[in-house]
Structures are given as C-alpha cells and as structure tokens.
Amino acid sequence: MVMMLLHPLCVILLYHIAPVFPLPNSPPPHHHHNVSVYDPEAIVRSVQMKVEESVRRRRMLGSGGGSCMTGNPIDDCWRCDPNWGRNRQRLADCAIGFGKDALGGRNGRIYVVTDPSDGDPVNPAPGTLRYGVIQTEPLWIVFARDMVIRLNEELIMNSFKTIDGRGANVHIAGGACITIQYVSNIIIHGVHIHDCIPAGNANVRSTPNHYGYRSKSDGDGVSIFAGKHIWVDHCTLSNCADGLIDAIMGSTAITISNNYFSHHDEVMLLGHSDSYTPDTSMQVTIAFNRFGEALVQRMPRCRLGYFHIVNNDFTEWQMYAIGGSANPTINSQGNRYIAPTDRNAREVTKRVDTDEKDWARWNWRTEGDQMVNGAFFVPSGEGLSAIYQKASSVEPKSAGLIDQLTQNAGVFGSTPRSNGVSMLYPGGGTGGDGGVDGSGYGGGYGGYMGMTFRGGAVRSSPPNCWRAVAIILVLLELLLSSAVLY
C-alpha cells in the first residue's frame, strides 16, 4: 500500500493539487453526486513515477551526460539505473578486459553477511563471510550493515562467488585477507582491504567438505594463486604486509579496475618467478585505477605474460611505476603518469635485474599516455600493433579524460549514496536493524540465505500524505522548470 490512513487535511490538499497537472497513469475520477474524486493512492503512484522518470532523464540528458554518466564503461553500465539495488547481479554484465567473463555468483542465491566475526576458520558460523565464500553453489554475497571483519586466517574462496560491498561500509582489515586459489569466476567489489598480515600454520576450511593445514601466508590483500576469470573492482587497498594484489602460478583472465591504492611499498606482483613458464599465458587488464599517495613501486611488476595498462591515474611513486622481468609484454595506453619531485625517480619504467642488451627486445610500448612533471616511459621492442594483440583488451580513451574516468576509484564513499544515485536494496521488510543505508531497508533480505533479523524500534516518520503532497509539489516545480524533459 502506498498510503494507508490519510489525515483529512491531506485529502483536501491532494484534492486541490491533483487537477493542476495530468496524471496519465491514474484511473479516471469516480463520479459521485457530480463531484470528481481522484484516488489518492493512484495520485501518489503516478507522481512518484513521474518524479523518478524526470530524475532519470535529467541524469541522462543533463550537461555532459549527467552526474551518473562518466565515460567509464563499467560504472555507466550499472550506476545510471536508479533501481540497480534490485538487480545487483547485473554488475556481472559490466566487466571489461581480460576478466570480462568472470561470472562471480551470477544466477545464484543472495547470501547476506550478518556476523563480522571469524571465530573458527574450520567450522565457520552461518551468517559470516567465511561461511558464504566456502559454499559450492554460486552465491552473491552482500552485507546487512557496515562492518569491520578481522579474519583469523586466510579467507579461502570457492568458485562462483561475488563479494559485493555496495551500500555498506565494509572493511576486511587487521588480520589475514583474501585468497583465491585454484578457483575461478570471482568478483570482489566495493570493499576496503587494508592492514593485512600473515597468518597460517593452522587448519582452514575451503569447502563444506574439506579443510586442510595452511602454512604461513604472505599477508597479501588479495592473493590470486592459479585462479582464472577474476575481477577486482572498486576496492580501496592499502598497507598490507606483502602485496596489495598478487597474481601468480598460472593465474589468468584477470581485470583489476576502478581501485584506489595507497600507502604501500610493493603494490602489485603479476607472475610467480622468471622461470615459471605457465605464467607466459597470463593476461591481466589494469584499468581506471588511481594509484594514490605514499606508493613506492610495482604498479605493477610483471613477468612473462601479457599486460594491458589502460586509463589509470598514477599520481605518485617513489621508485618506479611499471616494472618487469623475463620478457613480459606491456601495453600502456591512455594513462596519466605524474612523476615525483625526485629527479632520479621520474622514469615510469624499470626492467628488473636485466641488462639493456636483453630487455631491448621486450615489447613495452606507450601510446597516448600523458607524462606530467617530467615523467618518461622507456619503450622497447618492435612497437607494432600486431605484436600487442594479446596485450589488448579494451579500447583506450583519451588520457585527457583521466580525472573523469577515475573520479570514483575505490569504494564509493562510506555512505550508500554517491553522485546522487540512490542505493536502495531489495524488499523493504520491517525486521531489519535500520538497513545498510540507514533508511530502514535492512529487512529487505528476508528469506535469503544467511540472513538473520534483530529487533528494533519502529522509526517515527511524517504522515504518508505529507510525503505525497511534497512529491506533488516537487513534480510541479520540475514541470515548470524542466519542461524540456517532457
């Protein structure tokens, strides 16, 4: 029901305001004693629909495409839909690059994390993140509220899982972090990952039917070990014991996009060792990321495979930005490289532990990159387009658009709204604890796997009729000031 009980004054107001403008989707008025009476609920439904349509058109048709249209193909794919929260799994259609086929938990059930604890890594409790990621079925994992998850041991993921932090402020921090090992089809989106430390020398469950002994881990933020079809998007990563994201041991079909990296030394390692030949098939896309303050090196450091580095913003490094060894193919297109003030560190590239007579034949190219503050990229190899076919995964955009393309890098704000796009969630039941967006939508996951409810006081709110009147007045203003939209 849109409206339940109406204050008499509200009915009078609705009666007098409704005829001011047409309501094309409302039923015709009922005639009683020659008096036309509009159905108040139909009025509210129609007005709400018009307001939503007006806002949607304004976003799409406004200056530069509107606030939701950035030119970033990933974000523009889903964020312009005001009802994206009711179709979260559409995100899986928005991937680009070598990891574009990562399905995550698409077509699976929704699993809601309600418990941030990690008490027993061998027997995780239902409602915890660990319980969700080890299941054998595809799952789309979301969070009931803001939370900080301190993992006692590595979070060992099973295939076909999405960790979707949208709408909640989720931190995986202060303990072990994420391990993607011998699995495929993983999406990690919208979570803070930081202050990760080594763990191990302990038993850890990896599936409902298996746990095993884990030796000491490195302390990576995200460790990809023989994984494929992986997409890490819109995460904020910093200050881990080893790498922020490392991919090794034959991992491939990976996209790392829209992330914000900061406060770290060795940011990203792609390739296990110079002699590990299975990494010659590795293909990784690094796109629309912002490499921020207090970074030192490895953005990334590559071995053997094919790497497309496209439309990123490199704002700081202390040693170098892009490095490699063992003849990787590096295709740098449409990036912005802002050199540090240290004149001795302005080179973007570094061939690690290799003589020039050897690396001179490696295929490293810069195309359309913007060099700032004296930054320079040392190319090598043939430079022919055909050579870079295996290191090309997405059409690059102009480096002049970098601010626009990377403006939302990292997690979308700590509040569930960003750039005016309302982030609502499925349902709207009454059993939640206030909802991840503070709007009372927390109960909307009722019946989904992993969800538990807590009691809570009913929030007071203005009468529904006053909301209806407010909506009508807003629409009237829109009609008068934005007729072009209609």
Side-chain angles (χ1 to χ4, degrees), residues 97-98 224 242-243 245-252 254 256 264-287 289 291 295-312 314 316-393 396 399:
F98 292 123
I224 306 171
D242 193 31
I245 300 177
D246 284 4
I248 61 173
M249 303 300 289
S251 298
T252 192
I254 298 167
I256 299 167
H264 196 76
D265 181 2
E266 297 176 337
V267 177
M268 196 184 308
L269 174 66
L270 305 176
H272 176 63
S273 71
D274 289 359
S275 60
Y276 190 75
T277 56
D279 282 336
T280 56
S281 298
M282 180 180 288
Q283 291 179 298
V284 181
T285 301
I286 300 171
N289 301 284
F291 294 89
L295 297 178
V296 179
Q297 59 180 320
R298 296 190 176 185
M299 299 171 241
R301 190 248 199 258
C302 310
R303 291 182 170 115
L304 295 169
Y306 300 89
F307 307 95
H308 194 190
I309 301 169
V310 55
N311 290 138
N312 301 279
F314 294 85
E316 188 170 338
W317 66 83
Q318 295 178 27
M319 291 178 62
Y320 65 89
I322 297 171
S325 59
N327 192 19
T329 298
I330 294 177
N331 187 12
S332 174
Q333 295 181 299
N335 302 283
R336 178 169 64 188
Y337 296 102
I338 304 175
T341 55
D342 182 357
R343 292 179 176 273
N344 296 317
R346 291 182 174 176
E347 182 179 345
V348 171
T349 50
K350 180 178 176 62
R351 278 74 172 179
V352 180
D353 298 328
T354 309
D355 292 331
E356 183 173 354
K357 63 181 177 60
D358 296 319
W359 63 252
R361 60 186 176 83
W362 297 356
N363 293 313
W364 291 26
R365 78 166 174 181
T366 172
E367 183 178 71
D369 291 324
Q370 187 178 88
M371 304 294 172
V372 181
N373 197 32
F376 64 98
F377 185 112
V378 177
S380 58
E382 297 187 32
L384 300 175
S385 296
I387 299 294
Y388 291 91
Q389 184 175 357
K390 290 185 178 180
S392 298
S393 59

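Computed from a predicted model, the values in this text were never measured in an experiment. Reckoned from all heavy atoms, side chains included, excluding hydrogens, waters and symmetry mates.
- Side-chain atoms of His308 come within 3.5 Å of backbone N or O of Ser393 as a donor-acceptor pair.
- Contact of the Arg301 side chain with the Ser325 side chain is registered, since non-hydrogen atoms from C-beta on lie closer than 4.5 Å.
- Using a 4.0 Å cut-off between charged nitrogen and carboxylate oxygen, Arg303 and Asp274 count as a salt-bridge pair.
- The heavy-atom pair separating Ile309 from Pro300 by the smallest distance is CD1-CD, 3.7 Å.
- Closest approach of Tyr388 and Asn331 over heavy atoms only: CD2-CB, 3.9 Å.
- Judged purely by atom type and a 3.5 angstrom limit, Asp342 uses its side chain to pair as donor or acceptor with the backbone of Asn344.
- Summarising the geometry, atom OH belonging to Tyr320 is positioned 13.0 Å from atom CZ belonging to Phe377; distances are rounded to the nearest 0.5 Å.
- Cation-pi geometry between Arg351 and Trp364 is met: the NZ or CZ atom falls under 6.0 Å from the ring centre, inside 45° of the normal.
- Checked by atom type and distance alone, the side chain of Thr252 pairs as donor or acceptor with a backbone atom of Ser281 at under 3.5 Å.
- Residues Asn363 and Glu382 meet the side-chain proximity criterion, which asks for heavy atoms closer than 4.5 Å.
- Interatomic distance, Thr277 OG1 to His272 NE2, rounded to the nearest 0.5 Å: 11.0 Å.
- Scanning both residues, Asp242 and Asp246, for their nearest heavy atoms gives OD2-OD2, 3.6 Å.
- Side chain of Trp362 to main chain of Gly324: no donor-acceptor pair is present (N/O by atom type, distance under 3.5 Å, no hydrogens or angles).
- For the atom pair Ser273 OG and Asp279 CG, the distance stands at 7.5 Å (nearest 0.5 Å).
- Partners of Tyr306 according to the ring-ring contact (aromatic ring centres under 6.0 Å, His included) rule, which considers only residues two or more places apart in sequence or in another chain, do not exist here.
- Residues Phe291 and Ile286 form a side-chain contact, since some pair of their non-hydrogen atoms from C-beta on lies under 4.5 Å apart.
- The ring-ring contact (aromatic ring centres under 6.0 Å, His included) search around Phe376 returns none, not counting sequence neighbours.
- Between the side chain of Asn289 and the backbone N or O of Ala287 there is at least one donor-acceptor pair closer than 3.5 Å.
- With contacts defined as side-chain heavy-atom distances shorter than 4.5 Å, the pair Ile248/Ile224 does not qualify.
- Residues Glu266 and Val296 have side chains not in contact (no heavy-atom distance under 4.5 Å, counting atoms from C-beta outward).
- Looking only at side-chain heavy atoms (C-beta outward), Met282 and Thr280 stay at 4.5 Å or farther from each other.
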- Query: Stepwise, does the side chain to side chain contact (heavy atoms under 4.5 Å, CB included) test hold for Arg365 with Ser385?
  - Reply: CA-CA 10 Å; Arg365 78 166 174 181; Ser385 296; 3.8 Å; yes

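- The side-chain heavy atoms of Val348 and Met371, taken from C-beta on, include a pair separated by under 4.5 Å.
- Nearest heavy atom pair, residue Ala339 against residue Gly374, reads CB-C, 4.2 Å.
- Scanning all heavy atoms of the two residues, the minimum distance from Ala345 to Trp317 falls at O-NE1, 2.7 Å.
- Side-chain contact check for Phe98 versus Thr285: some heavy-atom pair is nearer than 4.5 Å.
- Checked options Gln297, Gln318, Arg298; the residue passing with Asp265 is Gln297 (criterion: side chain to side chain donor-acceptor pair (under 3.5 Å)).
- Taking CG from Leu304 and CG from Asn327, the interatomic distance works out to 8.0 Å, rounded to the nearest 0.5 Å.
- Considering all non-hydrogen atoms of both residues, Trp359 and Pro379 come closest at CZ3-O, 4.4 Å.
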- Task: Show the numbers, then the answer: is there a side chain to side chain contact (heavy atoms under 4.5 Å, CB included) between Val378 and Glu347?
- Result: CA-CA 8 Å; Val378 177; Glu347 182 179 345; 3.3 Å; yes

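- Within the 3.5 Å criterion, the main-chain N or O of Asn335 finds no donor-acceptor partner in the side chain of Asn311.
- Interatomic distance, Gln370 CD to Phe314 CZ, rounded to the nearest 0.5 Å: 13.0 Å.
- In this structure, the side chain of Thr349 does not engage the main chain of Ile322 through any donor-acceptor pair within 3.5 Å.
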